[in-house]
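This report concerns only the one structure given below.
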Amino acid sequence: MRFHFVGTFPPEYTSALAELLPLLKVTIDTNGIPVTVCHGARLCVQGNGTAYQITWCTPASFYRALALLCCHHTESPLHIAETPCFDSCGVMLDCSRNAVSTVDGVKNILRRMALMGLNLAMMYTEDTYEIQGRPYFGYLRGAYTQVELKELDDYAHLFGIEMMPCIQTLAHLERALQWSCMQEYRDTDDVLMVGEEATYALISEMIAAACAPFRSRRVHIGMDEAYWLGRGAHWDQYGAQTHAQLMKTHLARVHAILNEQGLSAMMWSDMHFTAANPGGGIYHPDTVLPPDVLAGAPADIGLVFWDYYHETEACFDNMLQKHAEFAAETIYAGGIWTWLGPAVDYRKTKAATWPALEQCRKHGVRQAFATAWLDDGAECNLISILYGLQLFAEYCYTQKWDDAVLAQRFRTSCNADANLFLEISLFNELPHMKIQPQSTANPCKMLLYEDPLMPMFETDFGTLATAAYYTELAAKFTAYLDDNADYTALINALVCLAQTLALKCQWRDTAAFVVREKDRAAAMALCTLADKCAASVDALRVSWRMLWFSNNKPEGWEVLDLRLGGLQARFQSAKSRMMEFANGTLADIPELSCEKLPVLRDEKGQLGCFNVWTSYVSAGCVGKNVARSHG
């Protein structure tokens, strides 16, 4: 398409258009279709095929309007008017759970966000940002330099996207605290020592360093899930204190640091609820917030309510009412389910996001963002979140979802088939699998890493996981290669994953049975299958490596390299053991033939979710850190 822009817009828009127009396959040409551009009260796109008009009110709405024009230009007459229900809407990118996105990788996401109309991007960095004078902070973790973060902030600013730091100032700091030079700041393995002057000197440095590269004077200070607060070195030195007491003390000190540095902040809200209801879990629906907890939350630190789990509006209505008791603004954080292994879960994402955003709108929440966590090794590549971002954007601007329209707009903003992304969820949706209400499961990860000689989930999955199912998935994703050229690395990794799972299902269906039945002839045939499984795992490792390096820094890949390399080695050991059994050297393979107990199923036969690699590759779980606790 060729457009000729008529009217004026700020000069920085020209630089942004140079980045975005190639994605839309648009060129600027004085002989092109005239597009009048004007500033107004709301986003509006209208025209008749021979001329168009774009009305924009914010930078984000301008780039969204341009994408809408490209998406719907064949419609005549064309008239689209939108008013966002959120002032800020965007994403928090996890850059701490093993993977640190490259600058170019983040820029690609920012460009797609601009075309969707999103205007907020948070960089979640626990220790993966540079602090001058503290070389062990982020050591060997791919930490961003100040120059890199400044470059990202400049790039986001082109599109009217506020980029802001999202750090931790209480818990989730196990990687930062692992070094001996950090001992004085450590309460438990992942929680800072509250009340110590050295701790607040460190936090002051952390906040200053994290905020320095960004134009925004806002910062997310974290403080979630500090369950071991006061139960380690603090207990040893000062004795027992409640979470409520410690949170109040700590938050007051951090609040003072923010004021000194001229910053405004937000924080996760869950620890206030934990303080109000000790032992009640996260955001217990019957929590009563006492006056001291309400008073302990500063009015000028926004409270981020995070819930990626519930699927009914009543649940969100209840918790938003409770948040409204605080003087602080409520901000909502939803989730694009990227943290259960290699496959993003869009079934769960859609089920939880719709009721949450509906209730946020009804309660007048003005800021909402999607989180993209990468727990337990960052096995899911962040490129997988794009459909989820489009989903948040469409609700923000239209207050509704239409799957067909969303897919059409996704093709424009991301040059991809929406079904490619949606069907990644099929890796975790085995036929006839029953899961617990409002929950999810991740059989893909468990089947991938399950040990070939000690299949921990043999009883749980039974005959649910079949080679035929994953063979069909391999063919399905292979078919997506022709029309999704920007996502070749992702698709290739998914194809290899499906092929590996298909072969592993063949193995798990037969190996234990053959040994129990003492069928030595069949055991000999399984030696060949073990070779095929090992080769497939290696092919997966190579394809996964290509995907990783397409948008991540090298640090962190060693973890997945070791996991897959270890799996390949286990198949070599499995072949050796099976060969010895086949030729009669071994009378049994006891670790394979022994009865396996249920691990995942509840009393109703429903599968649960299990997402810690160390816990299911071996019952030994060697090397896992355990925080000190008196409680």
Side-chain angles (χ1 to χ4, degrees), residues 308-312 335-355 373 375-376 379-380 384 387-388 403 419-452 454-477 493-513 533 536 540 567 595-613 615-617:
Y308 329 125
Y309 302 92
H310 291 101
E311 299 177 12
T312 66
I336 303 171
W337 277 68
T338 48
W339 56 87
L340 296 183
V344 61
D345 187 343
Y346 275 120
R347 180 205 62 80
K348 181 63 178 177
T349 299
K350 294 179 72 174
T353 300
W354 170 258
W373 298 109
D375 299 26
D376 196 49
E379 292 169 332
C380 184
S384 301
Y387 181 88
D403 287 341
N419 287 327
L420 161 61
F421 285 73
L422 287 170
E423 291 186 337
I424 297 174
S425 301
L426 295 177
F427 278 92
N428 287 320
E429 295 178 25
L430 300 176
H432 311 298
M433 182 179 73
K434 293 190 297 183
I435 61 175
Q436 297 161 5
Q438 299 194 66
S439 185
T440 189
N442 60 336
C444 164
K445 179 169 181 171
M446 288 179 270
L447 291 169
L448 173 61
Y449 291 122
E450 185 181 49
D451 190 85
M454 290 185 283
M456 188 177 291
F457 309 113
E458 179 182 347
T459 300
D460 296 298
F461 288 120
T463 59
L464 286 176
T466 66
Y469 180 77
Y470 284 112
T471 298
E472 290 174 7
L473 275 191
K476 181 185 289 287
F477 283 96
L494 292 171
V495 170
C496 288
L497 176 61
Q499 291 170 339
T500 298
L501 291 171
L503 287 168
K504 284 206 73 185
C505 284
Q506 287 184 42
W507 174 272
R508 76 190 312 275
D509 282 348
T510 54
F513 176 80
C533 287
S536 183
L540 171 60
L567 178 58
E595 179 187 1
K596 301 305 186 295
L597 303 176
V599 177
L600 301 170
R601 288 182 183 268
D602 62 17
E603 65 278 2
K604 296 180 180 179
Q606 300 170 134
L607 289 175
C609 190
F610 202 12
N611 190 38
V612 182
W613 173 82
S615 296
Y616 53 72
V617 295

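Small disclaimer: the values here were computed from a predicted structure and weren't measured.
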Closest heavy-atom contact between [X] and [Y]?
X      : Y      : result
Gly608 : Met446 : O-CE, 4.4 Å
Cys505 : Thr466 : CB-C, 3.8 Å
Ser536 : Thr500 : OG-OG1, 2.8 Å
Gly341 : Glu379 : CA-OE1, 3.3 Å
Pro455 : Glu450 : C-OE2, 3.4 Å
Cys380 : Ala343 : SG-C, 4.4 Å

If you round to the nearest 0.5 Å, how far is [atom2] of [Y] from [atom1] of [X]?
X      : Y      : atom1 : atom2 : answer
Thr338 : Asp345 : OG1   : CG    : 10.5 Å
Leu494 : Leu473 : CG    : CG    : 9.5 Å
His310 : Ser439 : NE2   : OG    : 10.5 Å
Ser615 : Met456 : OG    : CE    : 8.0 Å
Ile424 : Lys476 : CD1   : NZ    : 12.5 Å

Going by heavy atoms in the side chains, are [X] and [Y] under 4.5 Å from each other?
X      : Y      : answer
Pro342 : Phe427 : no
Tyr470 : Leu503 : no
Pro443 : Leu464 : no
Leu422 : Tyr387 : yes
Gln606 : Pro437 : yes
His432 : Thr463 : no
Val617 : Asp451 : no
Asn428 : Cys444 : yes

Report yes or no: does [X] contribute a side-chain atom to a donor-acceptor pair with the main-chain N or O of [Y] at less than 3.5 Å?
X      : Y      : value
Lys348 : Tyr309 : yes
Lys434 : Gly605 : no
Tyr469 : Glu429 : yes
Lys604 : Ile435 : no
Lys504 : Leu448 : yes
Thr471 : Ala502 : no
Thr349 : Trp337 : yes
Asp460 : Arg601 : yes
Trp507 : Pro452 : yes
Asn611 : Asn442 : no

Derivation of the side chain to side chain contact (heavy atoms under 4.5 Å, CB included) call for Asp403 and Lys350: CA-CA 11 Å; Asp403 287 341; Lys350 294 179 72 174; 3.3 Å; yes

Ring geometry between Phe457 and Phe610 (parallel below 30°, tilted from 30 to 60°, perpendicular above 60°): perpendicular

Audit row: Asn419, Glu423, side chain to side chain donor-acceptor pair (under 3.5 Å) steps and yes/no: CA-CA 6 Å; Asn419 287 327; Glu423 291 186 337; 5.5 Å; no

Tyr308 vs Trp373, side chain to side chain donor-acceptor pair (under 3.5 Å): CA-CA, chis, key distance, verdict: CA-CA 11 Å; Tyr308 329 125; Trp373 298 109; 2.9 Å; yes

